[in-house]
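Excluded from the calculations below are hydrogen atoms, water molecules and symmetry mates; all remaining heavy atoms, backbone and side chain alike, are included. All figures in this text were calculated on a predicted structure; none of them were measured in a lab. A, B, ... follow the sequence lines: proteins, then strands. Residue 1 opens every chain.
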Amino acid sequence: KQEVTQIPAALSVPEGENLVLNCSFTDSAIYNLQWFRQDPGKGLTSLLLIQSSQREQTSGRLNASLDKSSGRSTLYIAASQPGDSATYLCAVRPRGGANSKLTFGKGITLSVRP
Amino acid sequence: GAVVSQHPSRVICKSGTSVKIECRSLDFQATTMFWYRQFPKQSLMLMATSNEGSKATYEQGVEKDKFLINHASLTLSTLTVTSAHPEDSSFYICSARRTAVSEQYFGPGTRLTVT
């Protein structure tokens with residue numbers, strides 16, 4: 001059974017700092033991996049999706065990497081801003097065709113201090 | 001990205017009543033929709049998967065008679081919480097995807113409070 005772990009559960013950094021959020025998963029037979037952002041009381045916003053054949057994806061100040069062999073992904077946020085404060089969730093989708101389902105980590109709650 | 005909406009965004013109901021939550025894919029046809037539940041400070045737990053025109057597949061431990069799911073069209077799925085109890089209070093989030101290989105898009109969630 002796939003397990004997704006995100007440690008630490010919470011992180012507080014000063015504005016402007018570059019930071020890395022970690023995600024690990026137990027089964028490397030994945031189809032893709034997604035990073036999401038969730039603001040309090042809101043739904044999920046997809047940030048980056050990495051297919052299993054890819055090593056990284058970039059969008060603006062965000063860069064996500066994937067190392068399947070070690071079961072790890074990182075989300076790099078450059079020059080953090082207070083508006084980046086949110087919970088960041090990592091989810092993996094296993095191989096398995098049409099019915100494969102996302103498995104989520106518990107998320108990392110990020111607070112960027114002005 | 002694609003847009004998924006949910007209605008209502010927030011609902012308060014009395015114990016014993018039923019509540020219906022709608023999930024719509026606004027700019028694409030969703031062959032598959034998913035319903036999740038999220039408790040405070042917890043991750044999303046998949047409740048059920050529904051494909052248009054067929055019965056939903058429920059995850060282990062989810063009562064299908066309590067959480068009725070209907071996926072009548074390629075743009076609409078509904079979740080009905082029947083005879084709701086306070087322990088059903090939670091944040092319910094739906095998700096949709098076009099095809100088996102495409103990305104999942106998530107709705108904004110519905111906060112259900114049962115008094």
ILVMFWY network linking B:Y92 to B:V11, side-chain heavy atoms under 4.5 angstrom: yes
Verdict with supporting geometry, A:L102 and B:Y36, side-chain contact (heavy atoms from CB on, under 4.5 Å): CA-CA 11 Å; A:L102 290 175; B:Y36 294 84; 4.1 Å; yes
B:L44 vs A:L44 side-chain heavy atoms within contact, under 4.5 Å: yes
B:K41 side chain near A:K106 side chain, heavy-atom distance below 4.5 Å: no
Pairwise side-chain contact, B:I93 with A:Q38, heavy-atom cut-off 4.5 Å (strictly under): yes
Cluster link A:Y88 to B:Y105, ILVMFWY, side chain under 4.5 Å: no
A:R61, CZ: over 12 other non-hydrogen atoms inside 6.0 angstrom: yes
Cluster link B:L112 to B:L79, ILVMFWY, side chain under 4.5 Å: yes
Chain A interface, residue from B:Q6, B:E59, B:R111 that has the most non-hydrogen pairs under 4.5 Å: B:E59
Rounded distance (nearest 0.5 Å) linking atom NZ of A:K101 with atom OG1 of B:T32: 11.0 Å
Top contributor to chain B interface from A:A91, A:G105, A:G107 [non-hydrogen pairs under 4.5 Å]: A:G105
ILVMFWY cluster, B:L68 and B:V62 together (side-chain gap under 4.5 Å): no
Side chain / backbone / both / neither for A:Q6 at chain B, heavy atoms under 4.5 Å: neither
NE2 (B:H85) with more than 12 external heavy atoms under 6.0 Å: yes
Interatomic spacing from CD in B:Q38 to CG in A:L89 - rounded to 0.5 Å: 7.0 Å
ILVMFWY cluster, B:F91 and B:L46 together (side-chain gap under 4.5 Å): yes
Which atom of A:F104 lies closest to which atom of B:S43, heavy atoms considered: CB-OG, 3.1 Å
A:R72, CZ: over 12 other non-hydrogen atoms inside 6.0 angstrom: no
Straight-line distance of B:F106 CZ to A:S46 OG, nearest 0.5 Å: 8.5 Å
